[in-house]
2 protein chains.
Amino acid sequence: PCKIKVKALGIAKKTKKVGKDDPRRIIHSLKVGFALTLVSLFYYVRPLYNVFGESSMWAIFTVVVVFEFSVGATLSKSINRGFATMLAGALGVGVQELASLLGDKGKPIVLGFFVFLLAATSAFARFFPHIKARYDYGVLVFILTFSLVSISGYRAEKIIELALQRLSTILLGGAMCIVISIFVCPVWAGQDLHNLVASNLEKIANFLEGFGGEYFEVSGDEDSGTVPKKDKSFLQAYKSVLNTKTYEESLANFAWWEPCHGSFQFRHPWKQYLKIGALTRKCAYQMDTLSANINSNVQTPPEFKRKIQNSCMKMSSESSKALKTLAMAIKTVTNPSSSSIHIENSKVAIDELKTAMDDALRERFDLLKIVPAITMASILMDIIKSIEEISES
Amino acid sequence: PCKIKVKALGIAKKTKKVGKDDPRRIIHSLKVGFALTLVSLFYYVRPLYNVFGESSMWAIFTVVVVFEFSVGATLSKSINRGFATMLAGALGVGVQELASLLGDKGKPIVLGFFVFLLAATSAFARFFPHIKARYDYGVLVFILTFSLVSISGYRAEKIIELALQRLSTILLGGAMCIVISIFVCPVWAGQDLHNLVASNLEKIANFLEGFGGEYFEVSGDEDSGTVPKKDKSFLQAYKSVLNTKTYEESLANFAWWEPCHGSFQFRHPWKQYLKIGALTRKCAYQMDTLSANINSNVQTPPEFKRKIQNSCMKMSSESSKALKTLAMAIKTVTNPSSSSIHIENSKVAIDELKTAMDDALRERFDLLKIVPAITMASILMDIIKSIEEISES
């Protein structure tokens with residue numbers, strides 16, 4: 001019993017964490033429960049049941065499968081489902097009629113042939129990256145509906161009536177999902193993408209901000225400008241940026257489906273975000289290399305460190321400021337004008353550093369451990385520049 | 001009409017490419033078609049239809065939804081589906097009975113309450129990373145079946161008979177998918193993961209192999225050992241390594257479900273592959289930083305280049321060889337013994353380089369552009385070492 005208690009406590013803790021990480025998840029769960037209870041009214045309310053009969057099943061079915069976390073995902077699935085059902089239903093009826101012309105013997109063969117053909121084609125179509133990203137679910141529903149309609153028609157003669165009944169329940173279920181997901185505490189994939197990109201920029205900015213202090217082990221120096229944080233989490237935060245590609249892409253795909261909301265138009269240039277995201281990741285890769293240097297830092301002679309400290313600190317803090325202004329500009333959707341000042345400042349710092357390096361070289365130090373930081377910063381300059389170009393959205 | 005022709009040609013070309021990239025995709029499509037045609041026999045063959053009736057629909061349904069590209073994915077979905085259906089069915093019948101005790105008025109309220117409760121709980125459960133990765137589909141089927149059973153039972157009194165019928169068709173459909181996906185040209189997620197990890201190692205090895213030649217612009221020198229390739233694709237290939245994390249993880253999840261096949265046991269240590277994958281990605285990040293140096297290479301004074309050329313070339317080619325032996329060892333599932341020789345060799349090269357650098361420093365060169373390569377290589381040593389430790393699977 002003690003073991004069970006420990007396990008239950010563990011699950012409770014996890015549950016709390018999942019809920020705390022994003023409170024919208026709890027709301028989403030309640031929304032799903034609400035939608036499903038609402039749709040089950042089809043069964044309880046007699047007049048509705050008399051109209052739709054057993055087809056009400058399809059409404060429940062639609063709600064369970066279609067209701068997703070973000071508005072974009074729900075919309076994408078509903079629209080896919082609606083169109084795929086219609087298309088497949090029509091095709092199924094057509095094939096059914098065609099097969100009927102061939103008499104009782106030929107019918108199963110023709111139907112079997114068409115099922116095979118369309119199933120294989122659809123399965124293959126799902127490998128196309130473009131279809132996979134946007135219409136995957138639609139293709140799945142297409143195969144399903146087509147085989148159900150064309151085959152079941154072999155028995156039921158009232159196929160068109162049944163098909164219409166099912167289609168209407170599916171559309172009803174889909175519409176309900178859309179309405180609930182848009183009007184009850186909506187979760188916009190576009191907004192999420194927007195925030196994600198901005199917060200990723202901030203994360204790498206935080207890393208840069210803290211990096212100088214960490215590298216030179218400054219502890220509250222007045223003249224350095226950067227007070228090292230006791231909390232070292234900023235050194236790890238950039239790591240989450242490294243692997244956001246898939247997530248960003250799926251968000252952008254969902255966002256593509258969303259109508260205008262907040263400050264975003266329909267057909268907002270979501271691809272711009274992916275570009276910024278890619279550049280941010282590139283910075284993060286370089287930081288990954290850089291952070292390995294913090295650990296191998298001990299061998300560097302302190303006299304040399306002192307020489308380059310000022311300009312390096314300035315470089316990292318200025319580029320961090322530039323990134324932060326950019327992140328701010330994305331968040332507030334304004335033009336990033338003040339960031340160029342910081343970029344200029346950090347360029348000046350690079351020049352200063354070069355002079356300091358020249359001086360230092362006269363004294364022969366082991367450079368192995370320091371120079372990467374500089375290269376990194378200069379590469380960063382290029383990246384910031386390109387980010388600047390892009391962030392015109 | 002001309003436009004349509006161009007478009008059709010474009011699609012044909014794409015189709016060819018998708019098929020060529022992985023010919024197993026074509027086979028998979030045919031398998032799906034075959035399975036679906038087979039399952040539609042339920043409808044055509046009268047004795048079978050008489051037993052299962054309209055429930056045959058669920059077999060088709062199962063095949064369409066469950067049949068996935070790799071064996072692991074199919075197994076995972078089938079097993080999830082089977083267990084979720086059983087559990088949800090049993091629970092549904094239980095709730096149904098409970099609700100019946102409360103009379104005609106209380107029944108819809110109790111049922112509605114339970115549907116809401118379980119739907120919300122399941123929707124929330126899908127946010128747990130562990131459940132999301134492995135049982136996502138099962139949870140979905142659970143909500144679906146539970147609401148269908150508990151609600152439809154409100155009308156149909158023969159609920160248990162119907163449930164058993166449905167369950168047997170679902171199990172039959174699932175079993176057919178499993179059999180076909182295992183015995184007809186199987187695609188093992190485990191094998192794919194294995195190959196992916198090995199080929200990623202090879203890709204970064206190729207990059208290292210070519211990097212030396214590219215950086216020092218050697219053109220077929222006899223004494224350098226590396227003949228620069230005309231094909232520059234190796235400089236881009238490592239980029240595909242950067243974003244494989246999600247893919248590797250899903251493969252590992254699917255592989256977890258697979259029975260023993262080829263040289264893999266059930267419960268093979270798939271997590272080891274993820275570790276190697278993570279380290280490989282770390283190397284790739286560093287290469288991304290490194291490759292930025294190729295472009296800014298022009299400013300480096302040629303005299304300095306000549307000084308460090310030999311040891312740098314040796315470092316990159318030896319570490320590349322070490323990586324290649326490791327990749328080979330993974331492929332053939334042997335112990336990587338010869339790779340340690342190459343690692344030793346490259347360590348010697350590092351020492352040589354350090355001396356060369358010391359010499360060079362006396363002559364005052366602009367080091368900015370060269371040193372990262374060295375740091376990179378020394379970090380790489382650590383990584384190779386840790387890979388060596390891990391690759392004992």
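To find a chain, count down the sequence lines: A is the first, B the second, and so on, and within it residues start at 1.
- The shortest distance between side-chain heavy atoms of L30(B) and F116(A) falls below 4.5 Å.
- In terms of heavy-atom proximity, A120(A) sits nearest to S29(B) at O-CB, 3.2 Å.
- Contact check for F127(B) versus H28(A): side-chain heavy atoms found under the 4.5 Å cut-off.
- The candidate with the highest count of non-hydrogen atom pairs below 4.5 Å against chain A, out of V141(B), T121(B), V63(B), V115(B), is V115(B).
- Looking at F113(A) and T37(B), their side chains never come closer than 4.5 Å, going by heavy atoms from C-beta outward.
- Rounding to the nearest 0.5 Å gives a distance of 4.5 Å between CG of L36(B) and OG of S147(A).
- For I109(B), the CD1 atom is loosely surrounded, since the number of other residues' heavy atoms within 6.0 Å does not exceed 12.
- The nearest pair of heavy atoms linking G33(B) to A119(A) is CA-CB, 3.8 Å.
- To the nearest 0.5 Å, the span separating OG1 on T145(A) from CD1 on I60(B) amounts to 11.0 Å.
- More than 12 non-hydrogen atoms from other residues, nucleotides or ligands lie less than 6.0 angstrom from CZ of F128(A).
- Proximity to chain A involves both the backbone and the side chain of I26(B), based on heavy atoms less than 4.5 angstrom apart.
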